[in-house]
Every structure is written in C-alpha cells, then in structure tokens.
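Each chain gets a letter, A, B and so on, in the order its sequence line appears, and its residues count up from 1.
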Protein chains: 2
Amino acid sequence: MARSSTRAPSIADVAKLAGVSVPTVSRVITGSVPVSPERTDRVLAAVRELGYRPNGAARALVTGRQSVIAVLASNTTRYGYASTLQGIEEAARLAGFIVMITVIETDEPAAVQAAVDLALSHPVAGVVVLKFDPPGAAALHRLPDGLPVVAASGGRGDGVPHAVLDDTAGAMAATDYLLGLGHRTVHYVAVPTSGRRAGRATGWKRALTRAAVEVPPVLDAGWEPERAYEIGRELAGRDDVTAVLCGNDELAMGLMRGLHEAGRRVPADVSVVGFDGHPMGRFWTPALTTVEQDFADLGRRSFALLGGLLGAGHAAKTSSAAPRLVVRESSGPPPAAG
Amino acid sequence: MARSSTRAPSIADVAKLAGVSVPTVSRVITGSVPVSPERTDRVLAAVRELGYRPNGAARALVTGRQSVIAVLASNTTRYGYASTLQGIEEAARLAGFIVMITVIETDEPAAVQAAVDLALSHPVAGVVVLKFDPPGAAALHRLPDGLPVVAASGGRGDGVPHAVLDDTAGAMAATDYLLGLGHRTVHYVAVPTSGRRAGRATGWKRALTRAAVEVPPVLDAGWEPERAYEIGRELAGRDDVTAVLCGNDELAMGLMRGLHEAGRRVPADVSVVGFDGHPMGRFWTPALTTVEQDFADLGRRSFALLGGLLGAGHAAKTSSAAPRLVVRESSGPPPAAG
DNA sequence: TCCGCCGATGATAACGTTTTCAAAATGGGA
DNA sequence: TCCCATTTTGAAAACGTTATCATCGGCGGA
C-alpha cells in the first residue's frame with residue numbers, strides 16, 4: 001500500500017502487472033476506445049493496487065492539450081478579486097480545468113514581466129487577467145500573441161475578449177439616486193483604475209453633467225481604507241459635502257468611520273454609497289447602501305469566454321452584466337432640504 | 001512577429017535557425033553548461049525571432065522536477081483563507097514555484113475525492129492543505145502517500161507537517177482578558193472546525209475552567225454572518241450574556257449588528273471580541289476588539305515547510321506562531337460591576 | 001613534438017503518455 | 001468450411017525537452 005520512495009508507478013508498471021500492453025492501459029484510463037471487460041477489470045485492479053496516477057506532463061506533451069488556465073491578478077485578498085477568482089475556479093473545476101494563480105504586485109515593468117514569465121513557464125491552455133487596476137492592464141500588454149486571453153474588468157475592452165461588470169451604469173445609477181434625494185452634488189472617492197477609462201468615475205461624471213450640476217474633483221484613495229478614513233475626517237469639516245460615492249465598500253467603511261469620529265452623522269449629515277456589495281456592508285452600522293456586483297458571475301463568464309476561445313472558433317467577444325443599486329441605511333436626503 | 005497558426009516553435013526550430021544542435025539550445029536556455037559567447041548570441045537571437053518559449057510539459061516530463069504546488073481549500077474568499085493563500089503564493093512565487101488552487105466545496109467524500117483527483121491530475125511538487133474546516137481535513141486524508149504535504153491550520157497536527165496559528169493561546173488570551181474585565185463568564189460563537197480538536201473552543205474552555213467559572217454551551221454559527229446576526233438578536237434578550245467571543249470577525253460583526261438592532265449597546269451592555277484581525281474591524285463602529293492573526297505569514301511558513309520537504313531531508317515538522325490580542329472599542333467592563 | 005587533460009559540442013537515449021498502424025481475434029454470411 | 005468485415009489488441013512512433021556519453025578541439029607540460 002504505502003509504497004514510498006523510488007518513483008511513481010508508470011503506465012508500463014500497470015501494464016505489466018495487469019498482463020496487457022501499454023496502450024491498452026491507456027485506453028482503459030482515457031476511455032477513448034472500448035476494451036474487453038475482462039481486461040478492463042484487470043487494468044483497474046492494477047491501477048488500484050499500484051496507486052497509479054497518470055502523469056499529466058507526459059499526457060500534455062503528447063496531446064498538446066493543456067488543462068490548466070492561468071489567472072493573473074494584482075491581489076487575491078480584496079473582495080472583488082477574491083470573488084472573481086472563486087467564480088473562475090468554480091467554472092474551471094466543473095469543466096475539468098485547473099487554475100493557476102500568479103500575483104502581479106506592482107505595475108513596474110520588470111515585476112510584471114517576471115510574473116508573466118513565471119505564469120507562462122508552465123504550459124497553459126489560456127489566461128484570464130483581472131484587469132481592475134494598472135498591474136492587470138500592464139500584464140495584459142505583455143502576454144505573447146497566439147495565447148488565448150480573456151480580461152475581466154469593469155470597463156470596456158481593447159482587443160482581447162472581455163468579461164465586464166458595467167461599472168459605468170452602476171455609478172450612474174448610484175449618482176442619480178443621490179441627486180434624486182436632493183443632494184446638490186455628489187463627491188467621489190476613487191479606487192485605482194486600469195487605465196484612462198475608469199468606468200466608475202465615468203458613470204459618476206456623466207450622471208452629474210447630465211443633471212447639470214458641478215463636478216467636484218475626484219478624491220483618490222488608492223485601495224487603502226486608511227486613506228479613505230483620512231479623507232472622511234477631512235471631508236467632515238466641509239458643509240458642502242452631503243453625498244459621497246466610494247469606489248468600493250472598504251473605502252466607504254473607512255470613510256464612514258472618519259466622518260463618525262469627526263462628529264458627522266451618516267446619513268443625517270452625509271450620505272455614503274459604496275460599490276461592490278461587500279457581504280459585510282449589510283451588517284455595518286449604518287448598513288451600507290451600495291452598488292452590488294456579482295463578481296463570482298464575472299469569474300464564471302470570464303472562464304466561459306476563454307472556453308469559447310479554446311473550443312470552436314465562433315467565440316463571443318464580450319460578456320457584460322449590469323450591477324444593482326442596493327439601498328440601505330447609509331444614504332438619505334441632505335440635511336437642509338436642498 | 002505575430003506568427004499565429006501552425007504550432008509553437010520547438011527547440012529544434014531554434015537550433016536549426018541558429019545553426020547549432022538541439023542540446024546547445026537547451027544549454028543556453030537553462031544556463032546549465034557554459035556555451036561559447038558567439039553561439040549563445042545566435043541562439044538568443046533565434047529565440048527572440050521565433051518567439052520561442054520552452055514547453056513546460058516536456059521539461060517537466062524529462063526532469064521529473066515539478067515547479068507547481070497545489071493548494072486545497074474549501075473557500076478562497078473568506079479573510080483567513082484569502083490571506084493565507086496570498087502568503088503561500090508570495091513565498092512560492094519568490095522561490096520560482098507556481099500555485100494551483102483547487103476548491104473543495106463540501107466534506108462529502110465524492111466531492112473531496114473529485115477535487116483531490118483534479119488537483120493531482122497535474123504533476124505537482126507538493127500540496128498545501130488549508131485545514132481550517134471539515135473539507136480541508138477530509139482532503140488531507142485522501143491524499144496519496146509519498147506526496148509532500150503540509151497542512152496549515154489553527155490546531156495541532158496529526159502526521160503531516162503543520163504550519164500553525166496557535167488558536168488556543170489566542171482564545172485563552174481573549175477569554176482571560178474579558179474575565180479580567182469583570183465578566184462573570186464568556187459566551188462563545190463558533191466557526192466550523194477541522195475535527196475534534198477545535199483550537200479556539202479549547203482555549204476558551206480552558207480559560208473558563210481555569211478561572212473556575214461556568215462554561216456555557218457553544219453557539220454554532222457556521223461561517224455565515226447572517227447566522228451570527230440571528231444569534232445576536234437571540235442573545236440580546238438575555239441579561240446573563242455580557243461578553244461574547246466570536247470564532248471570527250465576520251461573525252462578530254454580524255453578532256454586533258444583531259445586538260444593536262435588538263437594542264443592546266456594545267460595549268456598554270455586551271462586550272464582543274472577534275478573531276482573526278480582519279482589516280475592516282478597526283473601522284467598525286464600535287471598533288472591534290479582536291485576536292489578530294498573521295495569515296499571510298502562516299501561508300509563507302506553510303510554503304517554507306513544504307520547501308523543506310522537497311529539499312534536504314532534515315525538514316522541520318511544525319511551525320507555530322502566537323496571535324495577538326488587539327483591544328479596541330467593542331469590549332469593556334460588564335454593565336453592573338461584577 | 002607529443003601526450004594527456006579539460007572545456008565545448010553534438011549524437012543519442014530517456015522521460016510517460018497517446019496516436020497511428022498493422023496484426024490478431026472474432027463473428028457473420030455464403 | 002471459407003472468406004471478409006469488424007472489433008480488439010499490441011508494436012512502434014511521436015511529442016519536446018534534458019541527461020548521458022563520446023568526440024573534437026585547444027592548451028600546457030614534458
């Protein structure tokens with residue numbers, strides 16, 4: 001049973017034990033060609049006894065087909081990233097694919113190249129790039145031609161097939177909602193973006209201009225809730241700020257804490273709306289109004305697009321879904337009826 | 001440049017173009033054996049021109065060395081899991097390894113077996129199992145012998161090398177802290193555990209018995225903050241509950257919301273202490289007292305253990321770290337001086 | 001000048017599997 | 001009974017790389 005040491009049993013070992021030829025074992029295992037019941041049993045018995053497990057490298061070498069897909073992302077712990085990854089993994093697993101994850105820590109060219117090289121040092125069937133921020137966008141540009149690639153992001157695509165969450169529509173809906181509540185304008189605390197086109201900022205800006213109200217300067221917070229917290233404290237001193245849209249829910253929570261510590265009440269004094277639909281948002285006090293996005297579905301759609309690329313040629317080029325505004329407690333009318 | 005179609009260039013194509021033999025190309029690429037500068041240049045030029053990329057499957061097949069490690073986990077979105085995964089990935093990437101992730105959704109034998117089979121259908125150098133819950137523990141038992149395996153968990157190991165976060169010590173510290181504040185006893189809202197030995201519950205129980213106070217029944221919440229929220233509402237009606245330790249911070253946040261909605265103030269009426277050190281905890285209102293754990297470090301240590309297994313035989317068998325109690329606003333003395 | 005040594009190079013084997021192709025076995029019809 | 005079609009089986013080739021081994025060249029020492 002516990003045959004340690006030496007080397008893993010090969011198909012030849014199984015064949016010898018079962019008293020059949022090597023190809024017969026292969027046929028039993030892959031099920032590609034029928035084999036007589038009697039031999040099939042002998043082979044399966046031998047497989048069990050030896051604990052034989054096909055060598056994927058050899059199999060991949062001869063078939064040329066890979067069953068591994070690479071995911072490139074800048075971070076795997078943030079809510080949106082982790083959920084998208086989960087969706088990709090689930091869809092891939094159900095299709096018999098394995099997911100390899102490689103993190104791209106910065107958008108510095110050397111680091112990006114190193115990460116891409118590492119990811120591609122292994123034979124992969126395709127690549128999914130989480131293009132939510134600069135590192136993701138940089139990685140996309142460094143992937144070699146001829147490799148099936150899909151990007152998952154919140155904006156429109158450029159070249160490669162994209163699975164998209166329509167950030168712009170979500171941000172517009174949230175901004176329209178706040179304006180409809182009577183707020184004079186809406187401020188925006190931004191997350192990093194993948195390029196010039198920032199879907200969330202675009203939607204926010206578009207809603208404001210369409211309503212013919214002033215567009216205040218964007219407040220950049222990066223990914224850190226700490227920074228949003230500081231912004232919250234700064235904003236607390238300004239009476240003209242009555243509604244804030246945040247690039248994601250973590251930022252919104254940090255911001256609310258900053259406002260709270262500085263004595264501003266949410267939503268009585270300031271309305272705060274987040275983005276993403278973080279599962280903790282509904283337990284927050286006050287519960288967070290947010291633009292809910294189905295990241296897991298984004299991941300599944302990303303893999304589906306990639307599957308289309310791998311299979312028949314008639315693959316879809318994009319897959320888009322609209323987010324949904326979820327109104328909870330952190331938003332309301334402005335303090336002085338606007 | 002963009003040579004699509006046909007098949008990827010092989011080392012033979014490079015050799016022919018550079019006018020050298022196949023092994024010489026291999027030597028240039030791997031750097032294993034010195035090659036004359038003139039030939040090296042020719043080879044590198046040919047590599048560039050053809051866009052040659054070594055076939056990892058062939059390489060893996062002949063060397064027998066794998067540069068892929070598999071991670072088995074039941075979920076990749078929860079804070080502890082995601083952070084541990086991040087630590088593993090980081091350490092692996094720095095060592096030139098790639099991380100494959102396979103999710104085990106339930107502890108049902110068939111599902112576990114399928115996931116393990118999928119993960120091992122690819123040749124891997126070793127496996128890290130996130131053994132925080134039943135699916136992880138089940139996976140650990142289904143891995144074949146002879147494969148380097150490390151478990152990362154919050155409890156002690158059994159057989160395979162373990163990287164550990166000392167849950168027991170953390171839970172004891174938190175419970176001692178609450179008892180020291182004057183609480184008559186401390187209730188415990190539990191997360192799922194990987195087996196009979198639940199580190200957090202053990203530490204909590206040990207601290208209570210050592211202080212000779214009553215040990216209330218464990219309140220099981222699973223992983224869902226929703227369930228903790230309900231428990232919070234239930235507990236709100238009980239005056240004897242003045243201090244609650246939660247199995248993780250998400251649960252604590254759900255619980256606090258439930259208490260809040262039912263009119264109980266935290267920490268004035270009830271003290272709540274979480275577990276894990278979720279980054280959002282400090283922004284919560286009230287900011288969450290918690291037992292902070294360094295999951296990323298746990299991941300790095302897991303990989304280090306695995307590296308020891310892969311390299312020389314004198315590998316460490318365990319690696320343990322103690323968590324740290326971080327006192328914030330959600331805990332304080334009981335309402336009526338105890 | 002010759003011998004032996006060392007470094008660079010190339011031919012060939014090996015890794016473990018699937019695929020191709022031919023051979024053997026089986027079955028059915030005349 | 002014989003022959004052909006069909007199914008099952010096995011031998012050998014192929015995948016792309018690295019490892020092994022022998023060969024070739026140059027160089028230093030006698």
Seminar exercise, completed: note: B:Leu50, atom CG; D:dG16, atom P; distance rounded to Å ~ 14 Å
Exercise. At under 4.0 Å between heavy atoms, what does B:Val35 touch on the DNA or RNA strands: base, sugar-phosphate, or nothing?
Worked result: sugar-phosphate
Exercise. Taking CZ from B:Arg27 and P from C:dT9, how many angstroms apart are they, rounded to a whole number?
Worked result: 8 Å
For this session: Consider the side chain of A:Thr63, meaning its heavy atoms from C-beta on, and name the nucleotide among D:dT18, C:dT17, C:dT18 that approaches it most closely.
Result: C:dT18
For this session: Using whole Å, report how far CZ of B:Arg59 lies from C1' of C:dT17.
Result: 20 Å
Problem set entry | A:His141 side chain vs A:Ala137 backbone, donor-acceptor pair below 3.5 Å | yes
Problem set entry | Nucleotide D:dT9, atom P - distance to CD of A:Glu38 in whole Å | 9 Å
Exercise. Only one of A:Ile88, A:Thr76, A:Asn75 clears side chain to side chain contact (heavy atoms under 4.5 Å, CB included) with A:Leu130; which?
Worked result: A:Ile88
For this session: Identify which nucleotide among D:dT17, D:dC15, C:dT17 has an atom closest to any side-chain atom of A:Val22, counting heavy atoms from C-beta outward.
Result: C:dT17
For this session: Find the distance A:Leu61:CG to D:dA14:P and express it as a whole number of Å.
Result: 14 Å
Exercise. When the distance from CG of A:Asn55 to C1' of C:dT18 is rounded to whole Å, what number comes out?
Worked result: 12 Å
Exercise. Which of these nucleotides, D:dT9, D:dT18, C:dA8, is closest to any side-chain atom of B:Ser36?
Worked result: C:dA8
Exercise. Taking atom P of D:dT17 as reference, at what distance in whole Å does atom NE2 of A:His122 sit?
Worked result: 14 Å
For this session: Please round to 10 degrees the angle between the axis of the first five pairs and the axis of the last five pairs in the helix from C:dT1-D:dA30 to C:dA30-D:dT1.
Result: 50°
For this session: By nearest nucleotide on DNA chain C, pick out whichever of B:Pro34 and B:Val62 is the more 5' one.
Result: B:Pro34
Exercise. Under the ring-ring contact (aromatic ring centres under 6.0 Å, His included) criterion, do B:Trp223 and B:Tyr81 qualify, and how do the steps go?
Worked result: CA-CA 12 Å; B:Trp223 287 113; B:Tyr81 293 76; 5.6 Å; yes
For this session: Look at all strands and tell whether B:Ser26 reaches a base, only sugar-phosphate, or nothing, counting heavy atoms closer than 4.0 Å.
Result: base
Exercise. From D:dT17, C:dG16, D:dT9, pick the nucleotide closest to the side chain of B:Ser10?
Worked result: D:dT17
Exercise. What's the closest nucleotide to the A:Pro23 side chain, out of D:dG10, D:dG16, C:dG16?
Worked result: D:dG10
Exercise. Is a donor on one side and an acceptor on the other found under 3.5 Å between the side chain of B:Arg53 and the backbone of A:Leu120?
Worked result: no
For this session: From the options D:dT17, C:dT9, D:dT18, select the nucleotide whose nearest atom is closest to the side chain of B:Thr24.
Result: C:dT9
Exercise. Rounded to the nearest Å, what distance is computed from the CZ atom of residue A:Arg53 to the C1' atom of nucleotide C:dC15?
Worked result: 19 Å
For this session: Indicate, with a heavy-atom threshold strictly under 4.0 Å, whether A:Thr30 touches base, sugar-phosphate, or nothing.
Result: sugar-phosphate
For this session: Flag this pair as yes if the NZ/CZ of B:Arg300 is under 6.0 angstrom from the six-membered ring centre of B:Phe303 and inside a 45 degree cone about the axis; otherwise no.
Result: no
For this session: Classify the nucleic acid contact of B:Arg39 as base, sugar-phosphate or nothing, counting any heavy atom under 4.0 Å across all strands shown.
Result: sugar-phosphate
